Peer 1: 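Attaching a single structure in structure tokens format; questions to follow.
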Amino acid sequence: GVGCKVCSLLQSNPTITLSKVLTRSKSKLESKMNSSLDGVEVITGDVTDPNVVKTMVASVDVVISCLGTTGGRNNLIVERSVVDLLDAMKGGRGRLIFISSIGVGDSLTQGKRMSPFFAYVIKPCFLSAIFKDLDDAEDAAFGQDETKVVAVRPPALKDKDATGNVRLIGSADMTARKAEISRGDVAVAMVRILEEEG
């Protein structure tokens, strides 16, 4: 997924320190990364456990959440995790960067332009619960003003190699036309946001 690609990019970035990783399985993550997490504090646990989340965010400046929904309607965890992350980050100076989707929040018009069939048929008929979870996550994130938040809203995710050719645009930008992106390029975008925002 995107998370292992973000970890790999951060490990090879000389200007950013990857200090902590939360995963359900260290060995599985290292296998997907094809490298070791030596020197990184690996917290093995579940993101739905608030105590694990508090341990994860302690003493970090930026949290990058790469959660998605893989189990359909029975595995809607993005809103819950964003709420728990923001709660754990209260009183600090941290920032949160998390994955949402095109078509969420004020990017709905943008999503309709990029992929009308998806926006008018697939999303409401088959993915309404998943998109409600993402909408609720963004409502929670942008309904508070203590923690700076960036929601990354990629179009359809593909298992292709990263091109590195990524353009960051706001939801009012209607020039984007490509309705898919590789998970690797989403990781590139998330790290670029981290670099550009210091």
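Bear in mind that the values here come from a model prediction, so they are computed numbers and not experimental data. Below, all heavy atoms of this structure are taken into account, side chains as well, without hydrogens, waters or symmetry copies.
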Peer 1: For Gln110 and Ile102, work out which heavy atoms get closest and say how close.
Peer 2: OE1-CD1, 3.0 Å
Peer 1: List the residues meeting salt bridge (charged side-chain N to carboxylate O under 4.0 Å, His left out) with Asp139, not counting sequence neighbours, and say none if there are none.
Peer 2: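 With neighbours one apart ignored, the set is empty.
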Peer 1: For the pair Glu195 and Ile193, evaluate side chain to side chain contact (heavy atoms under 4.5 Å, CB included) and give the outcome as yes or no after the intermediate values.
Peer 2: CA-CA 5 Å; Glu195 289 172 323; Ile193 290 166; over 6 Å; no
Peer 1: Atom CD of Glu30 and atom NZ of Lys26: how far apart are they, to the nearest 0.5 Å?
Peer 2: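 Here the interatomic distance stands at 5.0 Å.
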Peer 1: What residues form a ring pair (Phe, Tyr, Trp, His ring centres under 6.0 Å) with Phe98, not counting sequence neighbours?
Peer 2: none
Peer 1: So, for Ser101 and Ser107, which heavy atoms are closest and what is the spacing to 0.1 Å?
Peer 2: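 Result for this residue pair: O-OG, 3.9 Å.
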Peer 1: Do Lys160 and Glu180 come within less than 4.5 Å of each other through their side chains, counting heavy atoms only?
Peer 2: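 In contact.
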Peer 1: Within the distance-only criterion (no hydrogens, no angle test), does the side chain of Asp135 pair as donor or acceptor with the backbone N or O of Gly105 below 3.5 angstrom?
Peer 2: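 Confirmed, Asp135 side chain pairs with Gly105 backbone.
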Peer 1: What is the distance from atom OG1 of Thr23 to atom CG of Leu37, rounded to the nearest 0.5 Å?
Peer 2: 8.5 Å
Peer 1: Quick one: salt bridge (charged side-chain N to carboxylate O under 4.0 Å, His left out) partners of Asp87, sequence neighbours excluded?
Peer 2: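 Expected list: Lys90.
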Peer 1: So if I apply the side-chain contact (heavy atoms from CB on, under 4.5 Å) rule between Arg95 and each of Val149, Leu194, Val150, which one comes out positive?
Peer 2: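 It is Leu194, the one option of Val149, Leu194, Val150 that forms the side-chain contact (heavy atoms from CB on, under 4.5 Å) with Arg95.
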Peer 1: Are Ile169 and Leu108 connected, step by step, through hydrophobic side chains (Ile, Leu, Val, Met, Phe, Trp, Tyr) whose heavy atoms are closer than 4.5 Å?
Peer 2: no
Peer 1: Which donor-acceptor pairs under 3.5 Å do side chains of residues 140-148 form with protein atoms, sequence neighbours excluded?
Peer 2:
| unit_1 | atom_1 | unit_2 | atom_2 | d |
| --- | --- | --- | --- | --- |
| Gln144 | OE1 | Glu146 | N | 3.0 |
| Gln144 | OE1 | Thr147 | N | 2.9 |
| Gln144 | NE2 | Ala141 | O | 2.8 |
| Gln144 | NE2 | Thr147 | O | 2.8 |
| Glu146 | OE2 | Gly91 | N | 2.5 |
| Lys148 | NZ | Glu197 | OE1 | 3.4 |

Peer 1: For a 4.5 angstrom cut-off between non-hydrogen side-chain atoms, does Val82 reach Glu138?
Peer 2: no
Peer 1: Could you please spell out the steps behind the side chain to side chain contact (heavy atoms under 4.5 Å, CB included) verdict for Ser182 and Asp161?
Peer 2: CA-CA 7 Å; Ser182 73; Asp161 292 335; over 6 Å; no
Peer 1: Working to the nearest 0.5 Å, report the span between CG of Asp133 and CZ of Arg80.
Peer 2: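 So the gap between those two atoms works out to 11.0 Å.
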Peer 1: Taking atom CG of Leu9 and atom CZ of Arg192, what is their separation to the nearest 0.5 Å?
Peer 2: 10.5 Å
Peer 1: Check whether Thr17 reaches the backbone of Ser19 with its side chain - one donor and one acceptor, N or O, closer than 3.5 Å.
Peer 2: no
Peer 1: Could you tabulate the donor-acceptor pairs under 3.5 Å formed by side-chain atoms of residues 57-67, not counting sequence neighbours?
Peer 2:
| unit_1 | atom_1 | unit_2 | atom_2 | d |
| --- | --- | --- | --- | --- |
| Asp61 | OD1 | Arg93 | NH1 | 3.1 |
| Asp61 | OD1 | Arg93 | NH2 | 3.0 |

Peer 1: Answer yes or no: is there a donor N or O on one side and an acceptor on the other, between the side chain of Thr55 and the main chain of Asn51, under 3.5 Å?
Peer 2: yes
Peer 1: I'd like to know if the side chain of Asp84 and the backbone of Pro50 have a donor-acceptor N/O pair within less than 3.5 Å.
Peer 2: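 Here the side-chain-to-backbone pair does not exist.
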Peer 1: Is there a path of hydrophobic side-chain contacts, each under 4.5 Å between heavy atoms of I, L, V, M, F, W or Y residues, that connects Ile99 with Val83?
Peer 2: no
Peer 1: With no hydrogens and no angle check, is any side-chain donor or acceptor of Asp185 less than 3.5 Å from a backbone partner on Val166?
Peer 2: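 Checked: no pair found.
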Peer 1: So, are Arg153 and Asp106 salt-bridged, with charged N and O less than 4.0 Å apart?
Peer 2: yes
Peer 1: Write down the atom of Arg24, the atom of Thr44, and the distance for their closest heavy-atom approach.
Peer 2: O-CG2, 3.3 Å
Peer 1: Below 4.0 angstrom, N of the basic side chain to O of the carboxylate: do Glu79 and Lys132 qualify?
Peer 2: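 Between Lys132 and Glu79 there is no salt bridge, as every charged N stays at least 4.0 Å from the carboxylate O atoms.
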Peer 1: Using a cut-off of 6.0 Å, state whether more than 12 heavy atoms not belonging to Lys32 lie near its atom NZ.
Peer 2: no
Peer 1: Considering all heavy atoms of both residues, which atom of Met33 and which atom of Cys4 are nearest to each other, and what is their separation?
Peer 2: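 Looks like CG-O, 3.6 Å.
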Peer 1: So Ile43 and Val21, do their side chains get closer than 4.5 Å, heavy atoms only?
Peer 2: no
Peer 1: Could you tell me which non-hydrogen atom of Leu76 sits nearest to which non-hydrogen atom of Ala129, and how far apart they are?
Peer 2: CD1-O, 3.8 Å
Peer 1: For Gly103, is there any backbone N or O sitting under 3.5 Å from a side-chain donor or acceptor partner on Lys123?
Peer 2: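 Yes, Lys123 side chain to Gly103 backbone: donor-acceptor pair under 3.5 Å.
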Peer 1: For a quick test of reading the model, state the closest non-hydrogen atom pair linking Val152 to Met190 and the distance between them.
Peer 2: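 Between these two residues, the closest heavy atoms are CG2-CG, 4.0 Å.
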Peer 1: Could you give the distance from CE (Met89) to CG (Leu96), rounded to the nearest 0.5 Å?
Peer 2: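 CG of Leu96 is found 5.5 Å from CE of Met89.
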Peer 1: Could you state the interatomic distance from CE (Met56) to CG (Asp49), rounded to the nearest 0.5 Å?
Peer 2: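 So the gap between those two atoms works out to 14.0 Å.
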Peer 1: Among all residues two or more places apart in sequence or in another chain, which pass the salt bridge (charged side-chain N to carboxylate O under 4.0 Å, His left out) test with Lys112?
Peer 2: none
